[in-house]
Every structure is written in structure tokens, then in C-alpha cells.
Amino acid sequence: MNNEIRQEQERLNEVIDTISKQISKIEGETSKRKKEVVNIRKHFWDDLKVNIDTFDDYLETIIGLRQQAQDLSQSEGAHRYAFKRLSTLRRMQEVPYFGRIDITEEGSPLTEQIYIGTSTLTDATGENFIIYDWRAPVSSVYYDYPPGPVEYSTPGGVIRGMLENKWQYTIKGGVIESMFDTSLTIGDEILQQVLGKGTDKHMHSIVSTIQREQNRIIRNDRGRLLIVQGAAGSGKTSAALQRIAYLLYKNRERLKADQIILFSPNSMFNNYVSNVLPELGEENMQQVTFQEYLDHRLTDSFQVEDPYEQLEYLLTGEDDPSYRIRTASIQFKASIRFFEIIKTYRQSLEQSGMIFRGVKFRGETLVSAKQISERFYNTDNTLKFHNRIEKLREWLCELLDEREKFELKQPWVEEEIEYLSKEDYQKVYTYLEKKRGDNEDSFDEYEIENKMLARMIVRKKLKSLRKRIKELHFINIKGIYKQLFDEQTRVELWNEGETPAEREICLSTQKMLDEGKLNYEDATPFLLLKELIQGFQSNTSIKYVLVDEAQDYSPFQFEFLKRLFPSARMTVLGDFNQAIFAHASERVDFQTLTSLYGLSETESITLDQSYRSTKQIIEFTRELIPEGHRIKAFNREGEKPVLTQVSSRDELHRKIMSKVKDFQSREYNTIAIICKSAAESAAAYDALSAHGEIKLVQKGTNEYEQGVVVIPAYLAKGIEFDAVIIYDASMQTYGDESLRRLFYTACTRAMHDLQIYTIGEPSPFLKNGATESLLLTSK
């Protein structure tokens with residue numbers, strides 16, 4: 001074996017030497033390209049003759065300008081490519097590759113050794129591969145097969161052969177520290193090493209430890225919708241990010257990073273995952289939260305509640321008299337039934353029920369809401385709904401044109417002319433000078449000047465009104481949505497009796513709208529109704545949409561995303577055991593999503609293996625949820641979770657800070673004190689921050705930081721910590737069954753250590769026999 005490592009080290013040295021030579025060469029090219037770009041920018045206009053005296057001169061100028069711009073674009077493109085390749089080679093210098101497969105293709109007598117790394121490397125001729133990119137078709141063999149018969153797909157067809165051996169390498173600083181001959185997909189030895197390390201402030205790529213099921217996610221090309229249900233710590237988010245890198249590699253001629261969008265749970269998570277794609281030499285895709293999109297569309301009209309405000313209310317507002325109605329409203333408005341009610345309601349508006357706003361100018365009604373309604377419903381009913389709205393818009397624009405002519409002769413216009421600024425006069429004067437040059441005797445200058453000034457004033461006054469008409473503001477969407485909750489509409493369309501407290505839900509919704517507010521559960525239904533009426537503002541440039549923490553999205557939101565990105569394929573990732581929002585309580589899986597594109601266009605993958613936590617933590621956390629026995633623990637040993645019962649809050653804080661110091665002595669980089677809510681987090685932070693350096697994570701926190709943090713459980717989703725302290729797992733805090741998933745989410749954030757504290761009697765989640773046997777209870 002030592003002889004084999006020596007031979008491998010010699011080859012590695014040759015590879016690193018090749019990389020170094022290529023770096024040296026590209027550094028020269030990069031410098032040269034940079035100088036070219038600077039020079040072209042500096043002298044862009046020097047050699048360009050600008051002459052527009054005749055049409056031929058004008059044409060020659062345009063052609064010259066286009067040529068100069070093309071030269072600049074080519075030089076900039078060449079510089080960008082060289083700089084990107086240089087960055088990739090510098091990363092490869094440290095760890096050129098991580099795996100090797102020895103494969104004999106069908107019909108060939110030779111066994112080829114294929115080394116696999118984060119990027120491709122060829123020899124000086126550019127024809128022979130030294131390292132294959134992990135996304136290359138042949139590299140899939142490394143992730144999908146043990147030694148034996150194999151096959152993989154290429155653009156030219158399916159290649160079959162025999163995998164003779166598979167090797168894994170641990171390389172650091174250009175030196176092979178270890179190598180393993182493995183018959184597993186990815187050997188446990190290297191995975192143990194990776195998972196046993198401490199965390200830092202960013203998620204990292206997992207290309208050297210991708211598992212077979214994760215590889216199915218990464219390389220999936222079938223259908224419009226890929227659904228991934230993954231246990232906590234199963235690597236679904238990591239696999240999704242590697243999937244983006246794979247898509248950019250496979251479709252590099254026709255797909256750019258800005259044509260992919262990731263909907264993530266919060267801005268802190270965006271920062272946490274921002275390093276993965278650059279590590280792989282790719283640009284980051286667009287990242288946005290669904291709330292950011294809602295705010296963009298709705299905050300001009302409403303004060304919009306965000307999902308964490310809604311959740312905080314549910315976690316802390318039990319004493320509010322409206323709590324029961326609000327909870328019922330949230331669940332109802334996320335249901336398939338309510339979605340169907342809105343579609344039926346929209347169809348009913350074709351016959352009656354549309355509410356319009358009258359059009360006013362200078363305090364005078366030009367056309368009343370009643371006149372607009374009569375015009376809409378008297379238009380040819382054989383026309384499609386949206387064509388009737390378009391006809392209405394055209395009619396209103398024509399009325400404005402007529403009004404413009406009328407207003408030109410009104411006294412207020414003459415008064416406005418007298419108060420015009422010098423700049424406005426100059427605009428008209430300049431235009432008149434040009435007209436005089438064309439035909440000096442063709443008009444009375446004063447008369448024309450006055451007409452122009454009058455037209456300018458009237459058009460300026462009508463500009464915002466014209467814009468509002470073009471944007472369909474004459475349709476009262478708020479009124480139409482409010483009307484959906486009228487008693488008459490409810491009786492006619494809701495099939496009364498299926499949902500408890502329907503009348504109370506209607507009254508509370510109308511009260512909210514009257515106050516200019518929009519609760520989170522209403523935001524997407526409101527937008528959906530608006531788009532069904534006005535037409536969707538779709539984005540056809542986006543080709544792939546990924547939704548993380550998909551269990552927190554309602555059917556409305558998925559239907560909306562489908563319509564918003566009609567040309568996109570969608571990948572959704574989630575875990576219903578972490579479905580902490582109230583609207584998810586009625587659902588147990590992603591089956592409702594299959595109706596989005598149909599069964600034939602939908603593929604589902606389940607990840608049962610959990611890698612984040614130690615075996616002891618996983619064996620504990622899986623007892624917290626129904627059917628938790630399906631979750632498989634990766635065999636990484638650690639200490640059992642510990643439950644510590646205290647009698648007072650002062651004692652709780654002393655014990656927690658003592659444990660924090662213990663964790664810090666073990667050189668844990670990230671320690672999270674996880675609370676039930678933001679309110680509890682703020683109180684805990686106030687008490688604990690006096691005893692050490694601690695940071696409070698709130699919903700507006702943008703950066704995931706190392707150190708000791710106090711954080712609400714719902715903001716910790718998607719993130720992992722070396723050690724987790726559950727602040728108070730008492731019956732008083734986690735006594736309600738509806739909080740089981742939130743508690744499970746909090747506990748599954750721990751990688752190496754989990755400490756649970758309770759003031760008084762523990763939560764019933766900790767009382768079943770299987771769970772108790774995993775805990776070391778101390779007082």
C-alpha cells in the first residue's frame with residue numbers, strides 16, 4: 001500500500017506541476033486581456049469618426065460604433081473567461097481531485113483510470129483529460145455504483161462497462177494524506193472525517209461525499225417537477241445547490257446563473273449558502289424569499305404581515321380572544337378548498353360582481369364606477385374575460401384623449417402657463433427653433449408656442465391618471481377580495497358548513513382589509529385573485545425554480561409560482577416533520593403538489609438517511625415524531641443528549657452559561673441557544689448576555705455568524721450548529737401537541753452535542769419510554 005501511495009503522490013505532483021504551468025500561462029493572458037480592455041475603453045472614441053451630415057455618413061458612424069463595441073465586448077468576455085479559469089485552477093492547486101474510478105468500457109481491452117475533481121483539467125494539447133469534472137457523464141459512475149457492471153448516459157448514447165476499482169483520496173496542501181479502496185458508493189471513512197468537523201459561517205460543497213440518492217437529485221432531468229422529501233440533515237439543500245452547479249455545467253451553452261432562482265426561508269439562510277457555487281467555480285443564482293416577492297407586489301397597497309409575524313402570533317397569542325378564529329382562518333385560506341372557491345369566484349365575476357373605481361380629473365368625475373361597470377357587462381359577452389377588460393382599458397384611454405382636447409382650452413391651462421419655469425419654456429423654444437429651420441414661414445410662432453405649452457401642461461397633468469388606467473387601477477381588487485367574504489357570496493359559493501367558524505373568518509378578514517392590512521395567509525390568495533382578473537405578470541426568462549423548506553408553502557403559493565414562471569422546471573425540497581406553520585397541520589406529505597404538472601411530469605425522491613447529527617442525537621430526535629423509525633442514522637458516534645431539570649430561571653441561566661463555556665473549551669465554532677419564539681429569545685438574550693459574548697438572531701438578521709447565538713427555533717431551520725442548547729423544554733413552554741414539529745426542528749439543528757433544559761416538569765414530547773431511555777437526566 002505504501003508503494004501505491006508513493007506512486008499516487010508522484011502522479012499528484014505531476015498534476016500539480018501541470019496546474020502551476022497553466023496558472024502561469026493564464027496569468028499572462030489575464031494581464032494581457034485586462035490591458036486590452038483598459039486600452040479599448042480609454043481610446044474608444046479616438047478612432048471613431050462621428051459624422052451625421054448625410055445618411056451615408058450616419059450609417060458609417062453607426063457601423064464604426066458597433067464594431068468598436070463588439071471589440072470591447074469580445075475583449076471583456078475573454079478577460080472574464082481567463083479570470084474565471086484562473087480562479088478555478090488556483091482552487092485545484094490545493095486539492096486537484098478527490099476520487100478515481102478504474103473502468104473498462106464494453107468492447108475495449110483497456111482499463112482507463114479516471115480521476116474526478118471539482119473541475120476539468122487537460123494536458124497541454126487540450127485533447128487528453130487528466131481530471132474529469134464531477135459533473136461529467138462518466139463521473140456519475142463514481143457516485144452510483146460499487147465495482148461491477150455499470151452504465152452511464154452521454155449525449156451520444158448509453159455507455160456500458162465494468163467498474164474494476166473505486167478509490168477515494170484525502171489530499172491536503174498537495175499531499176495525499178490517505179486513500180481508500182471502497183466498494184461502497186462513498187466510503188464511510190471520508191464521510192466520517194467530513195461530518196466530524198466543526199461548522200463555520202458558510203455551507204460548503206459536498207462533491208467529494210455525494211451519496212447515490214443525492215446524485216439522483218443532482219442529475220435529475222425528467223419532468224417539470226422534482227419533489228424531494230428529506231429527513232433533517234439528509235443533505236437535501238446541499239444536493240439542491242450541487243444540482244444548480246450541475247445544470248449550469250450541462251447546459252452551459254444555453255443556461256446562465258441569472259436564469260435560476262432559489263426561494264429560501266430567510267436572508268440569513270441566503271448568506272449561509274452563498275459560498276457553495278463559487279467554491280465550484282459557478283456564479284450564484286438569484287436568491288429571494290417569497291416574502292420579498294409579496295412585499296414587492298403588495299406594500300404599496302397594504303401593510304403586509306410576514307410569515308414570522310404570523311408564527312410569532314401563533315406561538316405567543318394564545319390569550320387573544322381572536323386566536324381560535326385566526327388559527328382556523330390560516331388553515332382554511334391555505335386549503336385546496338379555498339383555492340377552488342377563488343377560482344369559482346373569479347368565474348362568477350364574468351356575469352356580475354366586478355367592482356370598479358371611478359375616474360376623476362381635477363376633482364371632477366370623468367366616468368363613474370357605475371358607468372364603467374355597465375360598460376363592462378354590456379360589452380360582447382362572447383369575448384373572453386381578459387379581452388373585455390382590455391376593451392374597457394382602451395375605452396377609458398379614448399375618453400382621456402377626448403378630455404385632453406377639451407382641457408386645452410380651459411382657463412386653468414392659461415394660468416399654469418404663466419407660472420411655468422424657464423426650463424419648460426426653453427424646451428418649447430428649442431423645439432420651435434428646429435421647426436423654423438425646416439420651414440421658416442410655416443406657422444405663427446406665438447400661437448404654436450401657446451398650443452405646445454398647453455398640450456405639455458395638460459399631458460403632464462393627465463400622465464399619472466393615464467398610467468393608472470393602463471395598469472388597471474380602475475379595477476378595485478381590494479373591494480373584490482373583500483366582497484368574497486360577504487354573507488351573500490359565502491352562501492352562494494362556499495358550500496357553507498364545511499369549515500367551522502366561517503362567519504367569524506369572514507368578519508375578521510373584512511375588518512383587516514378595512515384597516516389597510518393584509519395577513520400573511522391572505523397575501524397569496526389576494527395576489528392570485530388579482531392575477532386571475534388582471535392577467536399574470538409572468539417571467540419566461542427563468543428556466544429553473546428551486547423552493548427550499550417547501551413544507552412551509554401553501555397550495556396557493558405553489559400554484560402562484562407555477563404561473564409566475566411558466567417556462568421553468570421546479571425542484572421543491574422539504575421535510576414535513578419540520579412543517580411548523582399552522583397551514584401545514586392538515587397535510588402530511590407533498591401529494592397535493594402532483595396536481596401542479598400532473599403525475600407524468602412529476603418525480604419524487606425520499607431521503608431517509610440523516611448525516612448531520614451523531615447517531616445518538618438522531619436516535620433521540622426520531623422518537624419525537626410519528627414514523628420517525630424510518631429515519632436512518634449515519635454511524636457517527638457521540639454523546640447522548642442530556643436533559644437537565646432546574647427549579648428556577650436563575651438556575652437555568654447559570655447552568656446554560658456553564659455549559660456554553662464547556663462547549664467553547666471543546667473548540668465548537670457555533671453554539672445555538674434555541675428558544676421557542678422571538679419573545680422568549682429576547683428575554684433569554686437579556687438575561688444571558690450579561691454573562692458572556694452572545695448574539696441575538698432576529699428575523700432581520702442578514703448574516704449567519706459563528707460564536708454563541710440565541711435564536712428562535714423557526715429561524716434556525718436549514719442551519720446546523722456544532723452544539724445546541726434547548727432553552728426551556730418544559731411542559732409550560734412545549735405542552736401543546738401543535739408544537740411537536742417545532743421542538744423536533746430545534747433539536748435536529750445539533751451536529752455533535754444536544755443539551756436540553758427544563759424549568760420544572762418536562763414537555764410530554766420527552767416522556768415516551770423510547771425517548772426517556774436515550775436521555776441522561778440530571779438535576
Side-chain angles (χ1 to χ4, degrees), residues 5-40 73-103 112-140 142 154-155 167-177 179 204-208 242 244-253 255-257 275-284:
I5 288 182
R6 189 177 68 253
Q7 290 177 355
E8 285 291 326
Q9 184 64 56
E10 288 174 359
R11 183 193 185 276
L12 177 61
N13 293 340
E14 292 174 4
V15 171
I16 292 174
D17 183 58
T18 299
I19 293 172
S20 297
K21 288 177 180 176
Q22 292 193 16
I23 286 175
S24 180
K25 180 182 177 183
I26 293 179
E27 280 178 338
E29 288 181 8
T30 305
S31 178
K32 178 184 174 184
R33 296 295 183 188
K34 185 177 180 179
K35 288 178 182 176
E36 284 180 3
V37 171
V38 171
N39 187 60
I40 293 175
S73 177
Q74 288 175 348
S75 293
E76 288 176 333
H79 178 259
R80 278 195 302 270
Y81 174 81
F83 185 80
K84 183 179 178 181
R85 183 59 182 163
L86 185 59
S87 300
T88 299
L89 288 169
R90 284 172 176 163
R91 283 194 302 270
M92 292 178 72
Q93 223 171 358
E94 285 291 306
V95 184
Y97 47 84
F98 53 80
R100 186 187 103 198
I101 53 176
D102 300 345
I103 189 169
E112 186 178 0
Q113 292 184 339
I114 293 174
Y115 288 80
I116 299 168
T118 56
S119 187
T120 298
L121 182 71
T122 59
D123 63 11
T125 68
E127 296 178 359
N128 300 310
F129 285 88
I130 299 172
I131 301 171
Y132 284 78
D133 192 295
W134 66 277
R135 297 164 289 187
V138 69
S139 300
S140 65
Y142 175 76
T154 72
W167 293 87
Q168 293 173 274
Y169 301 90
T170 303
I171 298 172
K172 189 173 182 180
V175 176
I176 297 176
E177 293 187 339
M179 56 184 287
H204 295 279
S205 71
I206 60 165
V207 293
S208 63
Q242 321 301 305
I244 293 170
Y246 170 76
L247 292 169
L248 289 169
Y249 172 86
K250 183 182 178 185
N251 306 296
R252 53 192 176 277
E253 299 300 327
L255 181 67
K256 303 300 178 189
N275 206 44
V276 176
L277 288 172
E279 271 188 7
L280 299 172
E282 300 292 352
E283 294 178 22
N284 265 319

List in chain and number order the residues that pass ring-ring contact (aromatic ring centres under 6.0 Å, His included) with Tyr249, two or more places apart in sequence or in another chain; answer none if no residue qualifies.
none
Side chain proximity check, Arg85 to Gln22, heavy atoms < 4.5 angstrom:
yes
Answer yes or no: is there a donor N or O on one side and an acceptor on the other, between the side chain of Gln9 and the main chain of Ile176, under 3.5 Å?
yes
By side-chain hydrogen bond (donor to acceptor under 3.5 Å, both in side chains), Gln113 pairs with (sequence neighbours left out) none
Could you pull out all residues at least two apart from Arg91 that satisfy side chain to side chain contact (heavy atoms under 4.5 Å, CB included)?
Ser87, Thr88
Qualifying residues under side-chain hydrogen bond (donor to acceptor under 3.5 Å, both in side chains), relative to Asp123, sequence neighbours excluded
Thr125, Asn128
Is any side-chain heavy atom of Leu121 closer than 4.5 Å to a side-chain heavy atom of Leu89?
yes
Quick check: closest heavy atoms across Ile114 and Val138, and the distance to 0.1 Å?
CD1-CG2, 3.6 Å
For Lys250, what residues pass the side-chain hydrogen bond (donor to acceptor under 3.5 Å, both in side chains) criterion, not counting sequence neighbours?
Asp221
For Lys21, give me all partners under side-chain hydrogen bond (donor to acceptor under 3.5 Å, both in side chains), at least two apart in sequence or on another chain.
Asp17
Please determine whether side chain to side chain contact (heavy atoms under 4.5 Å, CB included) holds for the pair Trp134 and Ile116, giving the CA-CA distance in whole Å, both sets of side-chain angles, and the decisive distance to 0.1 Å.
CA-CA 6 Å; Trp134 66 277; Ile116 299 168; 4.0 Å; yes
If I compare all heavy atoms of Tyr115 with all of Ile130, which pair ends up nearest, and what's the gap?
CB-O, 3.8 Å
